[in-house]
Amino acid sequence: MTTDTTGTVARDGESRPGGPADSPFIRACRRRPGPHTPVWFMRQAGRSLPEYREIRASVPMLESCRRPELVTEITLQPVRRHGVDAAILFSDIVVPVAAAGVDLDIVPGTGPVVAEPIRTAADADRIRPITRDDVWYVDEAVRQLVVELGDTPLIGFAGAPFTLASYLVEGGPSRTHAKTKALMYGNEELWHALCGRLAEVTLAFLRVQIDAGVSAVQLFDSWAGALSEADYRRFVLPHSTAVLSGLVDSGVPRIHFGVGTAELLGAMGEAGADVVGVDWRTPLDVATGRIGPDKAVQGNLDPCVLLAPWPVVEAEVRRILEQGRAAPGHVFNLGHGVLPETDPEVLTRVVALVHELSSRRADQG
C-alpha cells in the first residue's frame, strides 16, 4: 500500500477515484477547478453550536482535546449541521506544547495560561521533543474521523512558532505582545532557540496528524500581524518555513493563516504554504496580487457580518466570491473564527449560498 497526496490509501501506486483527494476543497487547494467553491469555517466546531455547549458543559478544554471520542463527535457536529466541504480537527494550539512538558491550562474566558513563562535559556530547554505516544489521543481521533467522514476531507492544524512563543513568553494572551517583543529584540539568540524548539514540536504534531490520515493542514499564526514585515522576515519567517517546508514530502496541501497580516501576505506566501488565509481587512483580489499567482487563497468574510441581517450577509458573500475569482484557487471561509454569539442557521445558509452561487457560475462557464 501507498498513500496518495491527501492521505487517502491507494493500492499499487494508483490514486483512488473520488474520496477526499477529489473533493472540492482539495481541488481548490491544488488550484484545480471543481464543481463549486468549497467552504468551511474556522472555529466551526465550537461555541456557536448548542450541541457543542451541551457536550462540553462539564469537561475542561484540555481534557476534551485528549478524549478521542469527544474530539470525534465535536469535529463532526458542524459537518452534520452545515454541510461544509471540510472538517477541521477539534483541538487547541497549545495541546502539543503541553505534551512537550509546559505547565499550562486553558482558562475559561481567558485562554491559555502558562504557569512559568519563559524568560531564560533554561526555561526554553524544558520544552522537549514530542512523539506520537505523547499525543496518542490526537492520532486515535484522526483515525476515527477519517472513517466517519468518508469523502469529506479532514484538516489538521497547529499553532505557528511565533504565536506559540508569544503565549509562552507572555504567560497568556496579550494585546501588545510587549514581553514577546522585548525578548525578541533583546535576546535574539534565545528567541531563535525558543522558536526552533517550537518549530520541531509543531512539525512533529502535524506529522502525527498526517500519518493518521488528515487531508490537509493549517498553520495558525494568529498574532503575526503584531509585527512589521522586516521583523516578520527576521524573527518569524525562518521558523514557519521550517515547519511548512518540513511537510513537503507529505504531499498534503498546507494552509498558512494569520490575523492583521495585510502587509505580511507576500512574506507569508514565501513560507511554503499552498494556500494563504486572508483576514477580512484585505480584499481577496488585492491579497492575490501580494501573494502571487502560484498560491490559492482562503477567506475572508468578517465574522461580525454573520450577526447582521441576511441581505447584508448575502451581499458580502457575493462580493467575496467575486473577488476570489482573481485567485487561482479559492476556499471560502471567514477572516477569523466563528463568534460564539453567531446563529448556526446563518452559517448553514452561507454554505448553501456559496454552493449555489459558485455552482451557477461554473455552469455558465
Side-chain angles (χ1 to χ4, degrees), residues 41-43 46-48 60-62 91-98 102-120 123-124 127 157-188 190-192 194-195 198 202 218-237 239-240 256-265 267-268 271 276-282 287 299-307 333-342:
F41 305 108
M42 288 180 279
R43 293 183 185 162
R47 294 170 294 173
S48 67
M61 180 63 181
L62 269 179
S91 188
D92 191 275
I93 64 170
V94 298
V95 165
V97 180
V102 176
D103 184 2
L104 59 81
D105 192 16
I106 302 175
V107 178
T110 300
V113 175
V114 179
E116 298 180 41
I118 289 178
R119 298 286 180 267
T120 67
D123 295 334
I127 302 172
F157 80 92
F162 172 78
T163 292
L164 293 177
S166 182
Y167 277 118
L168 297 186
V169 173
E170 300 287 342
S174 171
R175 297 191 178 203
T176 63
H177 308 282
K179 294 175 184 175
T180 303
K181 292 183 179 183
L183 176 61
M184 194 173 71
Y185 296 135
N187 193 338
E188 187 168 346
L190 174 55
W191 173 260
H192 286 297
L194 171 60
C195 287
L198 292 171
T202 298
Q218 176 157 310
L219 188 67
F220 282 87
D221 211 351
S222 305
W223 310 134
L227 302 175
S228 68
E229 182 182 357
D231 284 346
Y232 177 87
R233 289 185 177 278
R234 180 175 178 178
F235 296 109
V236 178
L237 182 57
H239 305 292
S240 294
H256 197 18
F257 171 75
V259 183
T261 55
E263 299 304 317
L264 307 181
L265 288 172
M268 291 183 72
V276 177
V278 183
D279 77 7
W280 66 92
R281 298 170 178 86
T282 309
N300 67 337
L301 183 69
D302 186 336
C304 292
V305 168
L306 296 172
L307 308 179
N333 206 311
L334 304 182
H336 202 193
V338 175
L339 298 173
E341 56 268 41
T342 304

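Please read all numbers here as calculations on a predicted model, not as lab measurements.
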Rounded to the nearest 0.5 Å, what separation is found between the CG atom of Leu334 and the CG atom of Leu306? 5.5 Å

With the side chain counted from C-beta on, respond yes when Thr261 and Met268 share a heavy-atom pair under 4.5 Å apart, and no when they do not. yes

With a 3.5 Å distance limit and no angle check, can you tell me whether Asn300 reaches the backbone of Thr282 through a side-chain donor-acceptor pair? yes

Is the shortest side-chain heavy-atom distance between Ile127 and Leu194 below 4.5 Å? yes

Candidate pair Arg119 and Val169, rule side-chain contact (heavy atoms from CB on, under 4.5 Å), full reasoning: CA-CA 7 Å; Arg119 298 286 180 267; Val169 173; 4.0 Å; yes

Does Glu170 use its side chain to pair, donor to acceptor, with the backbone of Arg175 at less than 3.5 Å? no

Is the ring pair Phe157/Phe220 parallel, tilted or perpendicular, if the boundaries are 30 and 60 degrees? perpendicular

Is the closest side-chain heavy-atom distance between Gln218 and Met42 below 4.5 Å? yes

With rounding to the nearest 0.5 angstrom, report the CZ to CG distance, Phe162 to Leu227. 4.0 Å

Output yes when a side-chain donor or acceptor of Glu229 lies under 3.5 Å from a complementary backbone atom of Ala267, and no otherwise. no

Thr163 to Ser222 - nearest heavy-atom pair and separation: OG1-N, 3.0 Å

Would you compute the distance between atom NE2 of His256 and atom CG of Leu264 and round it to the nearest 0.5 angstrom? 9.5 Å

Decide yes or no for Asp279 and His336: does some side-chain heavy atom of the first lie under 4.5 Å from some side-chain heavy atom of the second? no

Check whether any side-chain heavy atom of Val94 sits under 4.5 Å from a side-chain heavy atom of Ile106, and report yes or no. yes

Assess the residue pair Glu341 and Leu307 against the criterion (side-chain contact (heavy atoms from CB on, under 4.5 Å)); give the C-alpha distance rounded to whole Å, side-chain angles, the decisive distance to 0.1 Å, and a yes or no. CA-CA 8 Å; Glu341 56 268 41; Leu307 308 179; 3.9 Å; yes

Over 60° means perpendicular and under 30° means parallel, so tell me whether Phe235 and His192 are parallel, tilted or perpendicular. parallel

Counting only heavy atoms from other residues, nucleotides and ligands, does the tally under 6.0 Å from CZ of Arg281 exceed 12? yes

Let me confirm one number: the CG-SG distance from Leu164 to Cys195, rounded to the nearest 0.5 Å. 9.0 Å

Anything under 30° is parallel, anything over 60° is perpendicular, the rest tilted; go ahead and classify His177 against Trp223. tilted

Distance (rounded to the nearest 0.5 Å) between Leu198 CG and Leu168 CG: 5.5 Å

For atom CD of Glu188, decide whether the heavy atoms of other residues, nucleotides or ligands shown that lie under 6.0 angstrom number more than 12. yes

State whether the side chain of Lys179 and the backbone N or O of Ser174 hold a donor-acceptor pair below 3.5 Å, judged by distance alone. no

Is the closest side-chain donor-acceptor distance between Thr342 and Ser48 under 3.5 Å? no

Residue pair Tyr185, Asp231: steps toward the side-chain contact (heavy atoms from CB on, under 4.5 Å) verdict: CA-CA 9 Å; Tyr185 296 135; Asp231 284 346; 2.5 Å; yes

Specify the closest pair of heavy atoms between Ser91 and Met61, including all atoms of both residues, with the distance to one decimal. O-CE, 3.8 Å

Give the C-alpha distance, both sets of side-chain angles, the deciding distance and a yes or no for side-chain contact (heavy atoms from CB on, under 4.5 Å) between Leu104 and Val97. CA-CA 9 Å; Leu104 59 81; Val97 180; 4.1 Å; yes

Residue pair Glu116 / Asp103, side-chain heavy-atom distance below 4.5 Å: no

Thr202 side chain to Gly159 main-chain N or O, any donor-acceptor pair under 3.5 Å? yes

Could you give the distance from OG1 (Thr180) to OH (Tyr167), rounded to the nearest 0.5 Å? 10.5 Å

Would you call Val114 and Asp105 a side-chain contact if the rule is heavy atoms closer than 4.5 Å? no

Given side chains that start at C-beta, do those of Leu62 and Asp92 come closer than 4.5 Å, heavy atoms only? no

Write down the atom of Ala160, the atom of Asp221, and the distance for their closest heavy-atom approach. CB-CG, 3.4 Å

In short, Ala124 meets Leu190 closest at the heavy-atom pair CB-CD1, 4.1 Å

